[in-house]
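Accompanying notes for the structure given below.
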Number of protein chains: 2
Amino acid sequence: MKHATLRQLKVFESVARNLSFTRAAEELHLTQPTVSIQLRQLSDIVGLPLLEQVGKRVFLTDTGRELLKVSHDISEGLARFEMLVSDMKGVKAGKLRLAVITTAKYFIPRLLGPFCQRYPGIDVSLKVTNRERVLQRMIDNEDDLYVLGQPPEHMDVELEPFLENPLVVVAAHDHPLANRKNIPLSRLMEEPFLMREAGSGTRLATERFFGERGEKLKVRMELGSNEAIKQAVAGGLGIAVLSAHTLALERHGDELVYLDVEGFPIRRHWYVGHLKDKQPSVVALAFLDFLREESKLLGEHYLRGIPGFPGFIQDDQSFPAASR
Amino acid sequence: MKHATLRQLKVFESVARNLSFTRAAEELHLTQPTVSIQLRQLSDIVGLPLLEQVGKRVFLTDTGRELLKVSHDISEGLARFEMLVSDMKGVKAGKLRLAVITTAKYFIPRLLGPFCQRYPGIDVSLKVTNRERVLQRMIDNEDDLYVLGQPPEHMDVELEPFLENPLVVVAAHDHPLANRKNIPLSRLMEEPFLMREAGSGTRLATERFFGERGEKLKVRMELGSNEAIKQAVAGGLGIAVLSAHTLALERHGDELVYLDVEGFPIRRHWYVGHLKDKQPSVVALAFLDFLREESKLLGEHYLRGIPGFPGFIQDDQSFPAASR
DNA sequence: GGTAATCATAGATAATAATCTATGATTACT
DNA sequence: AGTAATCATAGATTATTATCTATGATTACC
């Protein structure tokens with residue numbers, strides 16, 4: 001079957017359906033000799049007759065019947081593929097593979113939920129891991145999109161900011177600095193700090209912030225996760241700089257407070273994107289569009305109460321978390 | 001997918017396998033630009049990218065992965081068909097549809113057995129029915145081959161004789177003419193005859209035989225099957241002209257004897273064939289060849305003991321059936 | 001920065017597939 | 001026998017596909 005063509009099979013199907021060369025020709029808007037020749041060619045390729053003529057009547061041979069099955073399978077397979085492609089183009093089908101750094105797990109599900117509702121046919125896969133691994137996955141082209149808090153410096157990537165990611169100083173609610181306003185940075189330097197591991201975006205940003213101001217932190221402890229840091233802070237082991245998002249879901253908790261420190265919150269962003277070379281799929285583009293419009297709402301909702309952000313009332317409410 | 005070609009799919013499969021245009025080109029003995037263009041065309045036809053390049057590395061897109069599945073299905077389906085065709089050509093697969101008149105049921109299974117042993121992959125279908133229906137099936141092109149005792153006169157058929165079909169006169173073993181030799185036809189005319197229905201081959205041949213000799217039969221009864229006729233003969237209701245094959249399997253029975261009648265047995269044949277227009281399949285041709293060689297043996301075996309046929313000893317053995 | 005490797009594009013050619021008109025051959029029907 | 005219907009064949013043309021050479025663009029590596 002090396003040289004059979006899909007056209008020949010289509011003509012054969014028509015003849016097999018009509019059991020007439022002439023009617024097949026009409027159906028396909030061809031002349032009868034065209035049909036005759038196409039069938040002759042196909043029969044020569046197969047090496048056995050596909051049709052037999054008994055008087056004026058046309059019958060399928062056994063071989064012809066088998067070929068008809070194969071031909072139908074092919075037609076149906078291609079038709080299904082076409083439908084799938086159409087759905088993919090219309091964002092009615094397809095896959096979205098996201099890899100996000102750990103901290104993003106606090107808000108990404110809030111975005112994925114509505115996205116999946118809007119595009120119910122999309123298959124979403126979410127990988128949550130540390131920054132280093134996310135970058136490796138990017139290099140290995142394992143996902144469609146990546147969410148990071150800190151753009152990598154030595155990689156050709158295409159990232160856009162889509163959400164504010166303020167870094168705040170947190171302390172135990174009964175910390176001496178808990179209700180002070182505009183705490184000078186120098187006062188803060190006397191406090192022991194709890195840090196994430198080297199390489200984490202938050203740590204990088206923190207070190208840069210203090211480094212630019214000639215300040216050196218007293219690092220009491222490095223901890224491997226935001227949860228551990230929060231527990232240590234609540235236990236009075238020190239203070240920490242964290243993404244405000246790590247606290248967003250625990251707004252009703254009363255163990256941690258933000259410190260109103262001069263220069264804080266550090267205004268940073270969440271970035272989403274991919275390697276520069278990569279061409280985003282239709283689904284990935286749809287998600288990017290969705291992010292652009294939805295993250296505004298999300299930001300307003302979740303960043304409320306954080307000093308410097310919308311919804312933070314300076315006058316009659318000191319600190320929502322501390323007010324509870 | 002109206003305009004995609006099997007060639008394009010083949011090239012795509014190679015690229016997908018190798019994840020490299022250059023290696024695919026080598027594998028297919030083409031130049032790299034050929035491969036590049038083929039993939040570009042296919043991608044344009046589909047309307048979505050099938051491959052993505054990240055740096056020097058080539059990856060399949062989701063769409064590409066789906067197309068690869070479809071392409072494999074197509075390749076596999078065609079490959080299976082090719083194998084089947086090869087088997088059909090080699091008589092290793094295929095179908096044989098036979099329609100035979102009722103009397104042929106006495107010997108056809110003896111031929112089909114060895115044929116099926118020689119060609120175990122052939123699917124055989126045997127239809128046993130009266131002559132009229134066999135002819136109608138032939139007109140309707142329902143089978144591959146037909147077995148008849150009497151060629152139809154007003155149909156364009158291609159039939160060949162393959163086996164002797166002697167018509168003999170049978171009587172009850174205690175019939176007055178049982179042990180007579182060379183019975184004159186005139187004596188036979190005094191006997192009542194039992195006949196098959198009008199239209200049956202045996203009846204036609206019998207009527208022609210006697211007609212040509214100016215004799216008129218006394219038909220006592222018409223019966224619808226050979227079995228009924230044999231029972232009636234054994235019960236003394238009359239004599240009958242029957243194909244020797246109807247008795248072949250009952251050689252050891254002692255109820256019926258052949259009568260040694262002048263002019264008998266009527267030498268006739270079994271015919272096998274089809275409508276003149278019909279092109280016999282590879283399997284049908286194989287069966288015809290098989291019949292040509294096997295029917296000789298069958299004839300020697302089954303016609304032994306019948307006057308006028310090999311193995312009939314005139315001197316010291318009067319009549320094998322009557323000697324029991 | 002230079003080189004090698006790899007894919008993309010431009011332009012051209014060759015090969016193949018698809019199709020048509022005209023006519024022949026055969027069957028079915030009156 | 002004549003006519004209509006239907007498939008096959010011959011010959012020619014058109015359209016499309018497949019492929020190549022040459023070159024450009026980009027990435028990866030040293």
Side-chain angles (χ1 to χ4, degrees), chain A residues 1-12 14-16 18-45 49-61 64 139-141 154-158 275-279, chain B residues 1-12 14-16 18-45 49-61 64 139-141 154-158 275-279:
Chain A
M1 301 301 296
K2 278 202 190 308
H3 307 298
T5 66
L6 295 173
R7 183 61 174 164
Q8 285 165 348
L9 292 175
K10 189 92 338 206
V11 174
F12 169 65
S14 185
V15 173
N18 290 284
L19 290 179
S20 158
F21 284 56
T22 307
R23 291 204 299 280
E26 284 164 11
E27 184 178 290
L28 298 171
H29 308 296
L30 302 173
T31 59
Q32 171 269 314
T34 300
V35 172
S36 192
I37 291 162
Q38 294 282 333
L39 265 293
R40 176 57 187 276
Q41 288 171 354
L42 195 50
S43 189
D44 288 346
I45 288 162
L50 303 173
L51 297 159
E52 58 175 345
Q53 222 170 343
V54 182
K56 283 290 179 63
R57 294 167 302 165
V58 173
F59 296 90
L60 276 174
T61 61
I139 288 167
D140 293 342
N141 191 34
H154 305 298
M155 274 169 62
D156 272 335
V157 293
E158 192 163 309
L275 278 183
K276 201 194 62 181
D277 290 348
K278 184 160 174 92
Q279 305 300 314
Chain B
M1 304 301 296
K2 283 204 187 306
H3 308 297
T5 66
L6 295 174
R7 183 60 173 163
Q8 285 166 346
L9 292 175
K10 188 88 350 201
V11 174
F12 168 66
S14 184
V15 175
N18 290 284
L19 291 179
S20 157
F21 285 54
T22 306
R23 291 204 300 279
E26 284 165 11
E27 182 178 293
L28 298 169
H29 307 296
L30 303 173
T31 61
Q32 172 268 318
T34 300
V35 172
S36 191
I37 292 160
Q38 293 282 337
L39 264 294
R40 176 57 185 278
Q41 287 172 354
L42 197 49
S43 189
D44 288 345
I45 288 163
L50 304 172
L51 296 160
E52 59 173 344
Q53 221 171 344
V54 182
K56 283 291 177 66
R57 293 167 303 163
V58 174
F59 296 89
L60 277 174
T61 61
I139 288 167
D140 293 341
N141 192 35
H154 305 298
M155 274 169 62
D156 270 335
V157 292
E158 191 162 311
L275 278 182
K276 200 193 66 180
D277 290 348
K278 185 162 174 91
Q279 306 299 315

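What you see below is based on every heavy atom in this structure, not just the backbone, and it leaves out hydrogens, waters and symmetry mates. Every chain is numbered from 1 and lettered A, B, ... according to where its sequence line falls, protein lines coming before strand lines.
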May I have the distance from [X] (atom [atom1]) to [N] (atom [atom2]), rounded to whole angstrom?
X	N	atom1	atom2	result
B:Phe12	C:dC7	CZ	C1'	16 Å
A:Glu26	D:dA5	CD	P	12 Å
A:Asp44	D:dT9	CG	C1'	13 Å
A:Lys10	C:dA18	NZ	C1'	16 Å
A:Arg23	D:dA5	CZ	P	13 Å
B:Met155	C:dA28	CE	C1'	16 Å
B:Gln53	C:dA5	CD	P	17 Å
B:Leu39	C:dT9	CG	P	12 Å

Problem set entry | A:Glu52 to B:Gln279 - nearest heavy-atom pair and separation | OE1-O, 3.9 Å
Sequence neighbours excluded, which residues qualify as side chain to side chain donor-acceptor pair (under 3.5 Å) partners of [X]?
X	answer
A:Ser20	none
A:Gln32	none
A:Gln41	A:Gln8
B:Arg40	B:Asp44

Exercise. Mind checking what makes salt bridge (charged side-chain N to carboxylate O under 4.0 Å, His left out) contact with B:Glu27, not counting sequence neighbours?
Worked result: B:Arg17
For this session: Check every strand shown and say whether B:Ser36 touches a base, only sugar-phosphate, or nothing at a heavy-atom separation below 4.0 Å.
Result: base
Exercise. Just checking A:Val58: base, sugar-phosphate only, or nothing, at a heavy-atom cut-off of under 4.0 Å?
Worked result: sugar-phosphate
For this session: Take A:Gln38 and A:Leu42 through the side chain to side chain contact (heavy atoms under 4.5 Å, CB included) test and state the conclusion after the steps.
Result: CA-CA 6 Å; A:Gln38 294 282 333; A:Leu42 195 50; over 6 Å; no
Exercise. Reading nucleotides 18-30 of chain D from the 5' end, what letters show protein touch, with B for base, S for backbone sugar-phosphate only, - for no heavy atom under 4.0 Å?
Worked result: SSBBB---BBS--
Problem set entry | side chain to side chain contact (heavy atoms under 4.5 Å, CB included) partners of A:Ser43, counting only residues at least two apart | A:Leu50
Which pairs of donor and acceptor atoms, one on a side chain in residues 53-60 of chain B, lie under 3.5 Å apart (sequence neighbours left out)?
unit_1  : atom_1 : unit_2   : atom_2 : d
B:Arg57 : NH1    : A:Ile139 : O      : 3.1
B:Arg57 : NH2    : A:Ile139 : O      : 2.8

Problem set entry | Distance test, side-chain N/O of B:Ser20 to OP1/OP2 of C:dC7, below 4.0 Å | yes
For this session: Could you tell me whether the phosphate oxygens of C:dA8, OP1 or OP2, come under 4.0 Å of any side-chain nitrogen or oxygen in B:Arg40?
Result: no
For this session: Can you pull out how bent the helix from C:dG1-D:dC30 to C:dT30-D:dA1 is, comparing the axes over its first five and last five pairs, to 10°?
Result: 30°
